[in-house]
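In what follows, every heavy atom counts, from backbone to side chain, and hydrogens, waters and symmetry copies are set aside. The structure displayed is predicted, hence computed values, not measured ones. Residue numbers start from 1 in every chain, and the chains themselves are labelled A, B, ... in the order their sequence lines are given, proteins ahead of strands.
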Protein chains: 2
Amino acid sequence: MEIATGIRKKYPVPMIRRLPSYLRIIKSYSYGGIEYISATDIANELGYDSVKVRKDLALTGVCGKPRMGYKVDELIRAIRSIVGWDKNSEAVLVGTGCLGSALLGFTGFSRRGINFAAAFDVDPHKIGMTVHGHTVMPMRGMKNFITERKIEIAVLTVPADAAQETVDILVDAGIKGIWNFSPAILKVPARVVTQNENLMSGLAVFMVKMATESV
Amino acid sequence: MEIATGIRKKYPVPMIRRLPSYLRIIKSYSYGGIEYISATDIANELGYDSVKVRKDLALTGVCGKPRMGYKVDELIRAIRSIVGWDKNSEAVLVGTGCLGSALLGFTGFSRRGINFAAAFDVDPHKIGMTVHGHTVMPMRGMKNFITERKIEIAVLTVPADAAQETVDILVDAGIKGIWNFSPAILKVPARVVTQNENLMSGLAVFMVKMATESV
DNA sequence: CGGTTATCGATATTTTTATATCTATCACGA
DNA sequence: TCGTGATAGATATAAAAATATCGATAACCG
Ligand SMILES: NC(=O)c1ccc[n+]([C@@H]2O[C@H](COP(=O)([O-])OP(=O)(O)OC[C@H]3O[C@@H](n4cnc5c(N)ncnc54)[C@H](O)[C@@H]3O)[C@@H](O)[C@H]2O)c1
Ligand SMILES: NC(=O)c1ccc[n+]([C@@H]2O[C@H](COP(=O)([O-])OP(=O)(O)OC[C@H]3O[C@@H](n4cnc5c(N)ncnc54)[C@H](O)[C@@H]3O)[C@@H](O)[C@H]2O)c1
C-alpha cells in the first residue's frame, strides 16, 4: 500500500475517530472466519449511514467489490497502518493517580502499539509502589530516562495545576507527543504534538442530551 | 419545549463540548476576583478563535458589554445551567475495574452534580471491597437498587462483551441514561440516552498527528 | 445464460461548523 | 469633554462534514 512508502494523505479527523470502531467490527468478522465485509454491514453494526462508512473506507485506499464488500484482512491492515497500530512505541506515564493507574492497567494499549516503559509521580508515598506491574519512579529521574531511552510519547495524568511544569520537563527531555488527560491547555513548541482528552466534554454532552430527552 | 425556566434551545454539540473548558477559564477569573471576561481572553487562554468563542457565549444567552466583556458570574451560572451541573443526580457505576475505580475516585464529579450511589461488579473477589469509599455490590441487587432509589444515570465500565447484557438489566431497571466507556455499541430503547466515550478514538487521532508531524 | 439486486464508487446536495467582515457601543485616557 | 480602540453582536463567507442520488459492476438465482 502507498501509505508505507511515504505518501501521507490528510485524513479528516472525524473519519480517524471512527476508524477504531470500524476496526473492532471488522476484527470480529475476521475472528468469525468471514472474508468479506460491506460498508452496509459496518453501518448496521454501528448505527451509521452506509455512505459515510463507504466514503471513510475509500480513504483507506482499500478497494471493494460490488455485491461482496471489502476484504476483511486488507481493511484491518490498512486501518492499523493509518492509525499507527502496526508499530510499537514506548511511552511514559506521568501522574500515577486514579486515572494514571487505570491506563497502566489497560491491556488494550499493547495491541495498539503503546507500551509503558515507566510510570512517574511526585508523591513520595507512591514512589516505589508497583502499579499493574510498573514500579512508580520519582520525577527526578524522568528527564534522563526519556532522553536515554529515546521515549517519544508521554501520557499525562497529573492534576491541572501541575500540568504545565510537568510538560516543560517532558519537552526539555525531547518528547515528541503528549496525550493529555488533564483539562489544562499545554504550552509546547510547535514540534511537539499534543492531544487533549477532556472527559468532561463527554459528560456535558451526556447531561444536555438527558435534559433535552426528558422534556 | 416549555419547561419551568423557559425554552430549551438546541445547542450545537461542538459548542457543548467547549463549554467545560470555558467554564474552567471563567472560574479561574472568578477566583482571581475578576468581574468581567472577554471572548478574546477566553480565546487566548484556549488557543481558539475569538469569534467562535463569542458565538458560543451568545448562545448561552448572556449579554456582553463592549470594551468590558461578559460578567463572570453570569457566565458561570448560564454555562452550569446548560450542562446541568447546577443540580445533583445520583448515578451507579457498573464494572469496578481499572477504569471504573478511577472514575469512582475522581473528585470532580460531585462538583458537576454527579454522585455515585453505588458501584457494582460480578467478580466475587471484588464484591465487598471498598473502592474510594464505595463498597462494591453484587450485580444481583442492582436492578432493585436502581428502581427503588430511582437512579437515572449509569456509568458503564465493563468489558465490551459484557456491555449489552449489563445494559439490558439497566434498561429493565428503568435507567434514563448510560455513559458508556466500553467500545461496544449499545442497543437501547429510544427513551434511553447513551453517550459513548471511546478513548481509542483519541489515541487514533494522536497517533495520526504524530505520524504526520514527523514527516 | 440472462435478469435481478446488493454493493461500490463517483458526484451532487444539504447541513453544519468555522472563520471573516462590518458596525455600534462605550469605557478609558488624553 | 472628546476621540480612540477594544469589544460585542450581527451578517457574510468559506470550509468541512454529512447525506442523498445515480450509474456501473458482478455475484447470485432461477
Ligand atoms: N480520575 C478520573 O476519572 C478523571 C476524569 C477526568 C479527568 N481527569 C483528570 O486526570 C488528571 C488526574 O486525575 P486523577 O483522578 O488521576 O487525580 P489523582 O490525584 O488521583 O492523580 C494525580 C497524580 O499526579 C501526581 N502528581 C501531582 N503533581 C505531580 C507532578 N508535578 N509531577 C508528577 N506527578 C504529580 C499525584 O501525586 C497523583 O498521584 C486530572 O487532571 C484530572 O482532572 C481524571
Ligand atoms: N482502563 C482503561 O484505561 C480503559 C481505556 C479505554 C477503554 N476502556 C474500556 O473500559 C472498560 C473497562 O476497562 P477496564 O480496564 O476497567 O477493565 P477491567 O477488566 O479492569 O474492569 C472491568 C470490570 O468489569 C467487571 N465485569 C465484567 N463483567 C461484568 C458484568 N457482566 N457485570 C458487571 N461487571 C462485570 C469485571 O469484574 C471488572 O471488575 C472496557 O470496556 C475497556 O475497553 C478502559
Side-chain angles (χ1 to χ4, degrees), chain A residues 1-2 9-19 21-22 25-26 29 34-75 78-79 82 196 198 201 204-205 208-209 212, chain B residues 9-19 21-22 25-26 29 34-75 78-79 82 196 198 201 204-205 208-209 212:
Chain A
M1 235 146 270
E2 302 284 342
K9 294 181 227 164
K10 175 143 175 2
Y11 303 100
V13 171
M15 173 263 202
I16 298 171
R17 296 190 67 87
R18 288 187 291 264
L19 291 182
S21 299
Y22 294 168
I25 307 294
I26 299 164
Y29 273 57
I34 301 173
E35 212 179 337
Y36 282 89
I37 190 169
S38 73
T40 319
D41 292 334
I42 297 176
N44 287 340
E45 297 264 7
L46 296 172
Y48 287 165
D49 177 41
S50 74
V51 180
K52 176 160 71 177
V53 175
R54 196 169 298 118
K55 248 180 113 181
D56 287 343
L57 296 185
L59 288 174
T60 66
V62 175
C63 285
K65 269 206 277 187
R67 274 301 288 246
M68 295 294 283
Y70 305 82
K71 276 207 138 176
V72 161
D73 52 341
E74 281 184 18
L75 276 186
I79 293 177
I82 291 172
N196 299 314
N198 193 341
S201 291
V205 175
V208 171
K209 278 200 229 171
T212 41
Chain B
K9 294 180 228 166
K10 175 145 174 2
Y11 303 99
V13 171
M15 172 262 203
I16 298 171
R17 297 190 67 86
R18 287 187 290 265
L19 291 182
S21 300
Y22 294 169
I25 306 294
I26 299 165
Y29 273 57
I34 301 173
E35 212 179 337
Y36 283 90
I37 191 169
S38 73
T40 319
D41 291 335
I42 297 176
N44 287 340
E45 297 265 7
L46 296 172
Y48 287 165
D49 176 41
S50 73
V51 180
K52 176 160 71 177
V53 175
R54 196 169 299 120
K55 248 181 113 180
D56 286 343
L57 295 185
L59 288 173
T60 67
V62 175
C63 285
K65 270 206 275 186
R67 277 295 296 238
M68 295 294 282
Y70 305 82
K71 275 206 138 176
V72 161
D73 52 340
E74 281 183 18
L75 277 186
I79 293 176
I82 291 173
N196 299 314
N198 193 340
S201 290
V205 175
V208 170
K209 279 200 230 169
T212 42

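Between the C1' atom of D:dG5 and the NZ atom of B:K65 lies a distance of 17 Å, rounded to the nearest Å. Note: CE (B:M15) to P (C:dT19) measures 16 Å, nearest angstrom. Rounded to whole Å, the distance from CZ on B:R67 to P on C:dT23 is 20 Å. Here the C1' atom of nucleotide D:dT7 and the NZ atom of B:K71 are 17 Å apart, to the nearest Å. Following rounding to the nearest Å, A:D49 (CG) and D:dT21 (C1') show an atom-to-atom distance of 12 Å. For the pair A:Y11 OH and D:dA16 C1', the computed distance is 18 Å after rounding to whole Å.
Contact record, A:A43 with A:D49: CB-C, 4.0 Å, taken as the closest heavy-atom pair. The two residues A:Y11 and A:L59 come nearest to each other via the heavy atoms CE2-O, 3.5 Å. Of all the heavy atoms in B:Y22 and B:K52, the pair that sits closest is OH-O, 4.4 Å.
Out of C:dA27, C:dT17, D:dA8, the shortest distance to the side chain of B:P14 is found at C:dT17. Set against D:dC28, C:dC8, C:dA27, the side chain of A:A39 has C:dC8 as its closest nucleotide. Counting only heavy atoms from C-beta on, A:Y70 has its side chain closest to C:dG9 among D:dT7, D:dA17, C:dG9.
We find the CD1-OH distance between B:I42 and B:Y29 to be 8.0 Å, quoted to the nearest 0.5 Å. Note that the NZ atom of B:K71 and the CD1 atom of B:I37 stand 14.5 Å from one another [nearest 0.5 Å]. Here the CG-CD1 distance, from A:L75 to A:I26, works out to 4.5 Å after rounding to the nearest 0.5 Å. Interatomic distance, B:E35 CD to B:M68 CE, rounded to the nearest 0.5 Å: 7.5 Å.
Residue B:S50 is out of contact with every strand shown, counting any heavy-atom pair closer than 4.0 Å.
Distances shorter than 4.0 Å separate some side-chain N or O of A:R18 from OP1 or OP2 on D:dA18. The phosphate of C:dC8 (OP1 or OP2) has no side-chain N or O of A:Y36 nearer than 4.0 angstrom. An OP1 or OP2 oxygen of D:dA17 is reached within less than 4.0 angstrom by no side-chain nitrogen or oxygen of A:Y48.
Distance alone, capped at 3.5 Å, places no donor-acceptor pair between the A:S50 side chain and the A:T40 backbone. Judged by distance alone, the side chain of A:D41 and the main-chain N or O of A:S38 form a donor-acceptor pair under 3.5 Å.
Near DNA chain C, meaning a heavy atom under 4.0 Å from it, residues 51-62 of chain B has B:V51, B:K52, B:K55 in order of number.
A rotation axis mapping the C1' atoms of four pairs onto the next four is fitted at both ends of the helix from C:dC1-D:dG30 to C:dA30-D:dT1 over five pairs, and the angle between these axes is 10° to 10 degrees.
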